Amino acid sequence: MSHYDELLAEIVAEKKEWNRFVDRTFESVKLPTWFDESMVRGISVIVASHDSEDRLAACLASLDAQTLDASLIEWVLVFNGEKREQLRDVSERFGRDVTVHRLLEEEANVSIARNRGLETATRQFVTFLDEDDTFSPTYLERLFSAALPDRVVIADIQDVDPDGNALGSPLHREFERLAGGEWAYEQMAQLLTLNACKLIPSVYAKHIRYEPTLRSGEDVVYFSTLFSTYAPAVTVLPPDTDAVYFRQVRDNSVSRQGVSREFSIRQRLAVIKALDELLIQANDPSRRLIERKMDAQTSMMSLYVKDHPDERAAIRELVVATGLSYFSFSILNQHAATVGLIVGENLENVERLVGNYPDESILRVYLLSPFTRGKLAEVVRPEVFRRLTFANMTSVSNWSLLPEVCYSLGDVRAAALCAEYMLGTTVRAVPSA
């Protein structure tokens with residue numbers, strides 16, 4: 001073989017290897033076959049504004065300061081509610097170097113506004129910015145550099161007060177825990193369903209809608225729907241990123257509403273019902289994500305249940321009447337227990353123990369093994385099981401919060417466990433018959 005033939009063979013081999021590499025790299029990029037719209041390269045930033053002219057000005061100033069080339073940025077500003085025209089006038093001072101869509105919506109409804117923004121967006125990727133909040137200057141540039149057609153990219157998020165001072169932020173701590181790693185959906189549940197701090201391929205985002213009837217938690221349902229429908233990949237930017245979503249925390253913001261029956265029970269159940277409808281059709285990896293989000297909503301309900309003992313039975317009945325396929329009564333009851341049950345082998349005595357307390361009371365069962373809870377659900381009536389919450393035997397700190405712990409008289413193992421673990425709490429044996 002001549003030298004020329006050898007070189008030609010090497011080139012052909014390299015070309016074949018390159019083709020194999022490309023096939024391996026992009027074989028997982030699965031775009032919906034029905035999506036044939038022509039999207040322009042870059043990012044559409046959707047801002048739904050209805051409240052404050054000053055906050056909107058700060059928000060748009062942070063967009064003006066972005067380092068990403070202006071030709072790659074599109075603003076979709078949706079002004080909704082009574083102040084829509086004043087807010088639009090404020091916006092005219094900003095965005096002179098980028099494409100800007102200014103839309104008016106009469107009704108003050110953030111879901112309707114965001115849906116209108118999604119319909120109008122023309123770029124490959126979409127991100128959301130609340131009028132209260134701001135981006136760091138490199139926010140869009142860093143997100144765009146990590147973007148792929150089937151990938152959601154998550155940036156850092158930090159809470160600030162109205163004066164811009166940094167606050168202790170559980171969301172920022174969660175980002176630091178996840179940054180740069182690869183995780184299952186359920187492990188990223190807290191950040192995955194926030195409206196903030198992410199870049200989404202328009203191929204997915206434009207074909208999901210926010211539910212206008214939800215008064216809170218609409219972002220949880222929107223992103224749970226997106227991930228359960230399309231299962232995109234997720235990349236969390238590295239821990240040293242300078243791409244930061246600054247979330248302004250105000251006392252009257254939706255996320256900081258006080259505990260009330262309307263917000264804590266009715267609105268949370270509306271979100272749970274919407275998620276439950278998704279759960280019926282969901283497959284892994286989205287199923288556990290949806291269950292985590294339902295549990296989070298239930299945990300918010302539990303704070304109301306704790307402080308309103310006279311309504312506990314009615315709330316349990318309301319949940320049952322909703323007809324959910326999944327709901328954790330243990331989480332609903334987690335803060336309300338005043339009595340602990342130590343159960344050994346005699347699970348058949350649990351109903352008798354529970355019967356010693358009023359119907360509105362909540363009881364914490366300390367689990368002797370991972371299988372105790374499942375076995376107990378088979379032994380007691382559903383209405384009894386719905387009054388229980390559960391903890392591990394090693395959760396000694398919980399015991400000290402309870403005024404009384406009881407066990408079935410004659411259950412030797414339960415008595416021994418009480419003697420071994422109790423820290424000053426009153427222990428009482430209850431007759432089993």
Side-chain angles (χ1 to χ4, degrees), residues 186 288 291-292 294-296 298-320 324-433:
E186 65 180 273
R288 186 54 191 147
E291 289 178 348
R292 285 282 303 274
M294 294 174 75
D295 289 347
T298 306
S299 186
M300 296 171 71
M301 295 174 64
S302 71
L303 298 176
Y304 184 88
V305 169
K306 172 188 175 183
D307 296 331
H308 297 82
D310 55 325
E311 297 184 43
R312 290 171 186 169
I315 290 171
R316 291 197 296 269
E317 292 175 5
L318 180 62
V319 173
V320 172
L324 302 169
S325 66
Y326 171 84
F327 187 84
S328 174
F329 283 94
S330 178
I331 292 176
L332 180 70
N333 300 330
Q334 64 183 326
H335 297 300
T338 55
V339 175
L341 301 183
I342 308 301
V343 181
E345 289 77 12
N346 298 328
L347 299 183
E348 66 276 6
N349 291 331
V350 171
E351 285 215 25
R352 295 190 183 96
L353 295 178
V354 174
N356 286 275
Y357 300 92
D359 289 345
E360 66 273 10
S361 61
I362 304 298
L363 301 96
R364 179 174 290 123
V365 175
Y366 288 91
L367 300 176
L368 307 184
S369 78
F371 306 104
T372 305
R373 181 172 176 174
K375 292 178 181 177
L376 194 56
E378 298 173 359
V379 172
V380 303
R381 289 172 294 148
E383 56 267 32
V384 172
F385 195 78
R386 291 194 284 265
R387 293 175 55 193
L388 308 178
T389 185
F390 297 88
N392 294 321
M393 285 300 302
T394 54
S395 300
V396 180
S397 60
N398 284 337
W399 293 37
S400 61
L401 301 177
L402 300 176
E404 178 182 357
V405 172
C406 65
Y407 61 93
S408 173
L409 189 66
D411 192 330
V412 177
R413 188 178 180 202
L417 288 168
C418 281
E420 181 179 354
Y421 286 103
M422 289 313 299
L423 298 176
T425 299
T426 300
V427 178
R428 183 166 68 94
V430 177
S432 58

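Owing to the predicted nature of the structure, the values given are computational and were not obtained by experimental measurement.
Looking only at side-chain heavy atoms (C-beta outward), Phe390 and Leu376 come within less than 4.5 Å of each other.
Looking at residues two or more places apart in sequence or on another chain, you find a side-chain contact (heavy atoms from CB on, under 4.5 Å) between Pro358 and Glu360, Ser361. With sequence neighbours left out, Ser328 forms a side-chain hydrogen bond (donor to acceptor under 3.5 Å, both in side chains) with no residue at all. Qualifying side-chain hydrogen bond (donor to acceptor under 3.5 Å, both in side chains) partners for Glu311, counting only residues two or more places apart in sequence or in other chains: Arg261, Tyr304. Checked against salt bridge (charged side-chain N to carboxylate O under 4.0 Å, His left out), Glu351 has the following partners two or more places apart in sequence or in another chain: Arg381. The side-chain hydrogen bond (donor to acceptor under 3.5 Å, both in side chains) test applied to Glu186 returns no partner, not counting sequence neighbours. Applying the salt bridge (charged side-chain N to carboxylate O under 4.0 Å, His left out) rule to Arg373 yields no partners; only residues at least two apart in sequence or on another chain are considered. With sequence neighbours excluded, no residue satisfies side-chain hydrogen bond (donor to acceptor under 3.5 Å, both in side chains) with Thr426. Partners of Ala337 under the side-chain contact (heavy atoms from CB on, under 4.5 Å) rule, at least two apart in sequence or in another chain, are Ile362, Arg364, Thr389, Leu402. Taking the side-chain contact (heavy atoms from CB on, under 4.5 Å) definition, one finds that Asn392 meets it with Leu367, Thr394, Ser395, sequence neighbours left out.
Considering all non-hydrogen atoms of both residues, Leu341 and Leu363 come closest at CD2-CD2, 3.8 Å. Ser408 and Asn349 get closest at one heavy-atom pair: OG-ND2, 3.0 Å. Of all heavy-atom pairs between Val405 and Cys418, the closest is CG1-SG, 4.1 Å. Across all their heavy atoms, Cys406 and Val430 have their closest contact at CB-CG2, 3.8 Å.
One distance of note links CZ of Arg316 with CZ of Phe385; it measures 13.0 Å at 0.5 Å rounding. To the nearest 0.5 Å, atoms CE (Met301) and CG (Asn333) are separated by 10.0 Å. One distance of note links CZ of Arg386 with CD1 of Ile315; it measures 14.0 Å at 0.5 Å rounding. The CG atom of Leu303 lies 7.5 Å from the CD atom of Gln334; values are rounded to the nearest 0.5 Å. In this structure, CD in Glu291 is found 11.0 Å from OG1 in Thr298, a value given to the nearest 0.5 Å. Note that OG1 of Thr372 and CG of Leu347 are 6.5 Å apart. Values are rounded to the nearest 0.5 Å.
Side-chain N or O atoms of Ser299 include none that pairs as donor or acceptor with a backbone N or O of Ala296 at under 3.5 Å.
Residue pairs meeting the ring pair (Phe, Tyr, Trp, His ring centres under 6.0 Å) criterion with at least one member in residues 326-355, sequence neighbours excluded: Phe327-Phe329. Listed by first then second residue, pairs satisfying salt bridge (charged side-chain N to carboxylate O under 4.0 Å, His left out) with a partner in residues 404-415 read Glu345-Arg413, Glu404-Arg428, not counting sequence neighbours. Under the ring pair (Phe, Tyr, Trp, His ring centres under 6.0 Å) criterion, the residue pairs touching residues 336-367 are Tyr366-Trp399, with sequence neighbours excluded.
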